[in-house]
Asks: 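The structure is given below, and queries will be raised subsequently.
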Amino acid sequence: MDEVLAGTLCRAVHQRLDYLDKLATGADLVSRAALADTEIVRLTSAWRTLLAAHQPDARGRCPECSGWRRPRRHPCSVWRIAHQHLIAADGSPADRAGRHAAATGRPAVVTLEAS
Ligand SMILES: [Zn+2]
């Protein structure tokens, strides 16, 4: 994918997310109900597709995040972000884990618990 196409794709996705945020926070109740009817299914489908691509292989590694020289153990960052936003209390940026967590003093590992 060339840079122009990648930029166009990124802008389109961010514009769609901005549009949905605006509707979710500023629209009337009827519009928000209609939005929930259509968009929640689309968003859950998108999450399922994304998570399926990041399912661990037989060796417990993410096939999408692993490179030839650097295998990534499951859960990868996609699964950790999904857990943070879909399961954790509020998914606030302050609760993010990962390579920048050390700078904030927050734990670098998120524990996934069976529900
Ligand atoms: Zn992954």
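These values consider heavy atoms only, across backbone and side chains, with no hydrogens, waters or symmetry-generated copies. Order of appearance sets the numbers: ligands from 1, and atoms from 1 within every ligand. As the structure is a prediction and not an experimental result, all values here were calculated from the model.
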Asks: Listing by chain and number, which protein N, O or S atoms are under 2.8 Å from the Zn ion (ligand 1)?
Replies: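 Listed by chain and number, the atoms are H54 ND1, C62 SG, C65 SG, C76 SG.
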Asks: When rounded to the nearest 0.5 angstrom, what distance separates NE2 in H54 from OG1 in T49?
Replies: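 Rounded to the nearest 0.5 Å, the NE2-OG1 separation comes out at 11.0 Å.
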Asks: Please lay out, stage by stage, how C62 and H74 fare under the test side chain to side chain contact (heavy atoms under 4.5 Å, CB included).
Replies: CA-CA 6 Å; C62 175; H74 181 75; 5.6 Å; no
Asks: Between P63 and A53, which heavy-atom pair has the shortest distance, and what is it?
Replies: CG-O, 3.8 Å
Asks: Nearest 0.5 angstrom please: C10 SG to Q15 CD, how far?
Replies: 11.0 Å
Asks: Do any N or O atoms from the side chain of W47 and from the backbone of A82 form a donor-acceptor pair under 3.5 angstrom?
Replies: no
Asks: Quick one: salt bridge (Lys or Arg N to Asp or Glu O under 4.0 Å) pairs with a partner in residues 28-51, sequence neighbours left out?
Replies: R16-E39, E39-R42
